[in-house]
Protein chains: 2
Amino acid sequence: MERNANVPGATIQRLPAYLRCLLQAQTNQMPLVNSGSIAEMCGTNAAQVRKDFSYLGELGTRGIGYDVGELIGHISRVLGIVERRRAAIIGFGKLGGALFGYSGFGERGFEIVALFDADPDKIGTTAGALTVSGMDEVESVLRGQGVEIVILATPAAVTQSAADAVVSAGVKAILNLAPVSLSVPDDVAVRQVCLSTDLQILSFHLAQGGASER
Amino acid sequence: MERNANVPGATIQRLPAYLRCLLQAQTNQMPLVNSGSIAEMCGTNAAQVRKDFSYLGELGTRGIGYDVGELIGHISRVLGIVERRRAAIIGFGKLGGALFGYSGFGERGFEIVALFDADPDKIGTTAGALTVSGMDEVESVLRGQGVEIVILATPAAVTQSAADAVVSAGVKAILNLAPVSLSVPDDVAVRQVCLSTDLQILSFHLAQGGASER
DNA sequence: GCTTGTGAACGAATTCACAGCT
DNA sequence: AGCTGTGAATTCGTTCACAAGC
């Protein structure tokens, strides 16, 4: 849509962290930052920060640094979160419930507008302003609500079929919390989050003795 | 400790996914697999799989493939999860509670042996076989229990100080679920998991139109 | 014949180092 | 003088293509 197609994937993965640091700088009444201070806050290095930002345009002023407010606006625009995106959670168990209760999504550009679960005892119950829907309603509710992103917090065994319903509803972005690799058409973006995986990677570092990472 | 120091980081990050697929193959009574079938299960390609495994040694048999049981053993050994590692959760709110209730850690090499929270109302309460301890006990309990990995599920504002206590206790691996970048000595491995970050990356893909990712 | 293991080619990402503005 | 923006150099990771072994 934009010309951001040339922004490297590795850079995009760091933009949210930059955004977080910049919002904090803004809270701390800092009107300007330079690449060194951003690097320090995010745990990278100054050259990396400048190179990353350079893919987005010429955002700074030589000799001065970057305007915090402008940078926040620019990164938000690139990430497509200038207005909040509508998301849904499928699987309203402990994890799904914890995520729904988490306020961080709202602050970072996302609004949860639908909840789904397979358990008949949960269907029809309310959580906040929402009512939990059943799995047979996934497609219609997602379409009706204009959901753009779905978070899968389902048991592993049913996750692929949930994903299939989500894809049928025309959703193009899925965050999968179940420990299975999904197969979806390749115009659908999937991100896999698996805490066991992260623990195993940490375990490797323990097995090695020394650390150093990312 | 081992000679695995030469295994590239990118390979290590894929080992947990391979392990997951292999365990599933084992459940399905498949005694052998080849690089192509592993690739399909994990969403990579065969050359990648063979190259990754080659860093761990010569694990397969030409013309035949890989023995599932042997591979599982080998990868588990490299990841250092042949015996379960002891972990703790700091921050026993909704998220911490959901993680504690999750059985997947136990199946994948980890045992939760301690819980901590700052809330006086929670301290002293029991969850499963454990009693929730206060933040002033972090260092002593972690040492006493021989905890190797800590999961931080604390509010952002107190996460750095919790991390400091964890580091003081001699723990060398931290999984941080709070949306802040931690600063720790560089012999401590940290992995940052932030769902908002992942949602923002997905949002970028939506903003672009097409997807394609990992 | 089929599948692994691996050098070599290629491509992506990071770091360096300095020219260009303010 | 200070800090950004960026080509060039380097490092890291992936893919290719084929020799080696069952």
Side-chain angles (χ1 to χ4, degrees), chain A residues 3-18 21-22 25 30-71 74-75 78 186 201 204 212-214, chain B residues 3-18 21-22 25 30-71 74-75 78 186 201 204 212-214:
Chain A
R3 76 229 165 277
N4 294 324
N6 43 354
V7 182
T11 293
I12 290 158
Q13 306 212 118
R14 281 185 294 266
L15 293 183
Y18 293 143
C21 296
L22 290 166
M30 300 167 70
L32 287 173
V33 289
N34 60 39
S35 55
S37 61
I38 295 176
E40 197 182 2
M41 288 189 276
C42 298
T44 8
N45 65 74
Q48 179 86 83
V49 171
R50 291 201 303 277
K51 178 66 83 174
D52 282 339
F53 289 173
S54 78
Y55 292 116
L56 312 183
E58 302 205 3
L59 307 180
T61 314
R62 295 170 199 231
I64 307 292
Y66 301 90
D67 179 277
V68 171
E70 271 178 37
L71 248 193
H74 207 98
I75 294 177
V78 173
D186 59 336
I201 295 168
F204 171 84
S212 84
E213 162 73 20
R214 358 171 122 232
Chain B
R3 76 232 165 274
N4 295 324
N6 43 355
V7 183
T11 293
I12 290 158
Q13 305 211 107
R14 282 186 293 266
L15 294 183
Y18 294 142
C21 296
L22 290 166
M30 301 168 69
L32 287 173
V33 288
N34 59 36
S35 55
S37 61
I38 296 176
E40 197 182 2
M41 288 189 274
C42 298
T44 7
N45 64 74
Q48 179 86 83
V49 171
R50 290 201 303 278
K51 179 65 85 172
D52 281 339
F53 289 173
S54 78
Y55 292 116
L56 312 182
E58 303 207 1
L59 307 181
T61 313
R62 295 169 200 231
I64 308 291
Y66 300 90
D67 179 278
V68 171
E70 271 180 35
L71 247 193
H74 207 97
I75 294 177
V78 173
D186 59 335
I201 295 167
F204 171 84
S212 85
E213 160 77 18
R214 357 173 115 233

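Letters go in sequence order (proteins before strands), and every chain restarts at 1.
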Residue pair A/Ile38 / A/Phe53, side-chain heavy-atom distance below 4.5 Å =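 Of all side-chain heavy-atom pairs linking A/Phe53 with A/Ile38, at least one is under 4.5 Å.
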Minimum side-chain heavy-atom gap A/Ile201-B/Gln13 below 4.5 Å | yes
Calculate the interatomic distance between [X] atom [atom1] and [N] atom [atom2]; express it in whole Å.
X	N	atom1	atom2	value
A/Leu15	C/dA13	CG	P	13 Å
B/Arg14	D/dT15	CZ	C1'	12 Å
B/Asn45	D/dT14	CG	P	9 Å
B/Asp67	C/dT4	CG	P	13 Å
B/Ile12	D/dC12	CD1	C1'	13 Å
B/Asn6	D/dG13	CG	C1'	15 Å

Should A/Gln48 be listed as having a side-chain N or O under 4.0 Å from OP1 or OP2 of C/dA13?
->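 Negative; the distance criterion is not met.
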Going from CD on A/Glu70 to CG on A/Leu22, what distance comes out if it is rounded to the nearest 0.5 angstrom?
-> 12.0 Å
Distance, nearest 0.5 Å, that separates CG of B/Leu56 from CG of B/Asn6 = 9.5 Å
Take nucleotides 2-8 of chain D nucleotide by nucleotide from the 5' end and write B, S or -, depending on whether a protein heavy atom sits under 4.0 Å from the base, only from the sugar-phosphate, or from neither.
-> BBBBBBB
Given that A/Asp52 and B/Tyr55 both sit by DNA chain C, which one's nearest nucleotide is further toward the 5' end?
-> B/Tyr55
With A/Arg14, which residues qualify under salt bridge (charged side-chain N to carboxylate O under 4.0 Å, His left out), at least two apart?
-> A/Asp52
Audit row: B/Phe204, A/Val78, side chain to side chain contact (heavy atoms under 4.5 Å, CB included) steps and yes/no | CA-CA 7 Å; B/Phe204 171 84; A/Val78 173; 3.9 Å; yes
